[in-house]
Amino acid sequence: MSGRDDCVFCRILQREAPAAFVYEDDEIAAFLDLYPVHAGHTLVVPKLHVADLLACPGELAARLFAVSSRLAPAVVAAAGADGFNVWTANGRAAGQTVFHLHLHVLPRFRTDAFGLRFPKDYPRRADPASLAEMAERIRERA
């Protein structure tokens, strides 16, 4: 486990800050969010301190998603939820506030008001030429 003294998740992983753990192995831990959107809101984190998905080794990222997939049905059942989201924020512009990679496993209910919102003009079909140009730009950088 690699940690940083200024990282709340590293302190949680080192048992220096409180958390209600729901899963742990050699590489990954999952615990309930201290500020849940809904009861059961779970954070799945690598034990290795990496800031975000861009800094995360591919195999470790795959393990994060595998653990999230395994935990999601348990979160839904325990919360009595109708569904769930798995998401992460990468960078301040995306809403990241804790700079230790974490996936949210968020139980969802048909009547809840939480959600990422699309802009007012969505859906608006993209121009095929614009899509082709953007696809090329991404391929060049991948």
Side-chain angles (χ1 to χ4, degrees), residues 1-128 130-132 134-142:
M1 176 170 36
S2 175
R4 290 183 26 179
D5 291 340
D6 61 338
C7 174
V8 65
F9 290 169
C10 288
R11 289 196 311 273
I12 287 171
L13 292 168
Q14 294 164 0
R15 305 308 200 264
E16 296 171 359
F21 284 81
V22 300
Y23 176 87
E24 188 168 15
D25 65 29
D26 290 343
E27 296 180 301
I28 308 293
F31 45 85
L32 297 178
D33 195 316
L34 291 175
Y35 301 95
V37 173
H38 301 300
H41 182 171
T42 301
L43 303 177
V44 183
V45 305
K47 289 185 172 181
L48 175 68
H49 180 87
V50 292
D52 58 25
L53 200 54
L54 296 175
C56 188
E59 289 181 11
L60 184 57
R63 288 267 308 121
L64 276 175
F65 279 94
V67 169
S68 298
S69 175
R70 177 177 165 207
L71 291 175
V75 169
V76 168
D82 301 310
F84 68 96
N85 290 117
V86 174
W87 63 279
T88 187
N90 288 271
R92 290 188 198 286
Q96 186 176 9
T97 58
V98 176
F99 291 87
H100 183 127
L101 174 59
H102 55 289
L103 299 184
H104 296 258
V105 178
L106 180 62
R108 296 300 304 275
F109 301 87
R110 283 190 274 291
T111 58
D112 74 34
F114 180 81
L116 299 174
R117 304 290 183 229
F118 289 101
K120 289 181 183 181
D121 63 348
Y122 184 87
R124 181 183 64 208
R125 188 170 183 93
D127 171 61
S130 296
L131 291 174
M134 181 56 73
E136 179 62 24
R137 289 171 55 194
I138 292 169
R139 284 191 300 270
E140 288 172 356
R141 291 161 174 80

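Remember, it's a predicted structure, so these values are computed and weren't measured experimentally.
To the nearest 0.5 Å, the span separating NE2 on His102 from CD1 on Ile12 amounts to 10.0 Å. Between the CH2 atom of Trp87 and the OG atom of Ser68 there is a distance of 12.5 Å, given to the nearest 0.5 Å. Rounded to the nearest 0.5 angstrom, His100 NE2 and Arg11 CZ are separated by 12.0 Å. How far CG of Leu64 is from CG of Leu103: 5.0 Å, rounded to the nearest 0.5 Å. Distance CG/Leu106 to CG/Asn85: 5.5 Å, rounded to 0.5 Å. Note that CD1 of Ile28 and NZ of Lys47 are 9.0 Å apart. Values are rounded to the nearest 0.5 Å.
Nearest heavy atom pair, residue Val76 against residue Gly83, reads CG2-O, 3.6 Å. Of all heavy-atom pairs between Ala30 and Leu71, the closest is CB-CD1, 3.5 Å. The two atoms that bring Pro36 and Asp33 nearest to each other are CD-O, 3.4 Å, heavy atoms only. Heavy-atom minimum distance, Gln96 versus Gly91: OE1-N, 2.7 Å. For the pair Asp112 and His38, the tightest heavy-atom approach, listed with the atom from each and the gap, is OD2-NE2, 3.1 Å.
Under the salt bridge (charged side-chain N to carboxylate O under 4.0 Å, His left out) criterion, Arg124 pairs with Asp121, sequence neighbours left out. By the side-chain contact (heavy atoms from CB on, under 4.5 Å) test, Ala74 pairs with no residue at all, sequence neighbours left out. Phe65 pairs by the ring-ring contact (aromatic ring centres under 6.0 Å, His included) definition with nothing, not counting sequence neighbours. Looking at residues two or more places apart in sequence or on another chain, you find a side-chain contact (heavy atoms from CB on, under 4.5 Å) between Ala79 and Ala81, Pro107, Phe109. The side-chain contact (heavy atoms from CB on, under 4.5 Å) test applied to Ala66 returns no partner, not counting sequence neighbours. Contacts of Phe31 classified as ring-ring contact (aromatic ring centres under 6.0 Å, His included), with partners at least two apart in sequence or in another chain: Phe9, Phe21. When the ring-ring contact (aromatic ring centres under 6.0 Å, His included) test is applied to His41, the partners found at least two apart in sequence or on another chain are His104. Residues satisfying the salt bridge (charged side-chain N to carboxylate O under 4.0 Å, His left out) criterion with Arg125, sequence neighbours excluded, are absent altogether.
Counting heavy atoms from C-beta outward, Leu101 and Leu53 have side chains that approach closer than 4.5 Å. In this structure, the side chains of Val105 and Val44 come closer than 4.5 Å at one or more pairs of heavy atoms.
Thr42 contributes a side-chain N or O that, together with a main-chain N or O of Gly40, makes up a donor-acceptor pair within less than 3.5 Å.
Under the salt bridge (charged side-chain N to carboxylate O under 4.0 Å, His left out) criterion, the residue pairs touching residues 48-63 are Asp25-Arg63, Glu27-Arg63, with sequence neighbours excluded. Judged as a salt bridge (charged side-chain N to carboxylate O under 4.0 Å, His left out), not a single pair has a partner in residues 85-95 (not counting sequence neighbours). Residue pairs satisfying the salt bridge (charged side-chain N to carboxylate O under 4.0 Å, His left out) criterion with at least one member in residues 71-81, sequence neighbours excluded, are absent.
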Show me the donor-acceptor pairs, under 3.5 Å and distance only, between side chains in residues 134-142 and residues at least two apart or in other chains.
from   : atom 1 : to     : atom 2 : distance (Å)
Glu136 : OE1    : Arg139 : NH2    : 2.8
Arg141 : NH1    : Arg137 : O      : 2.9

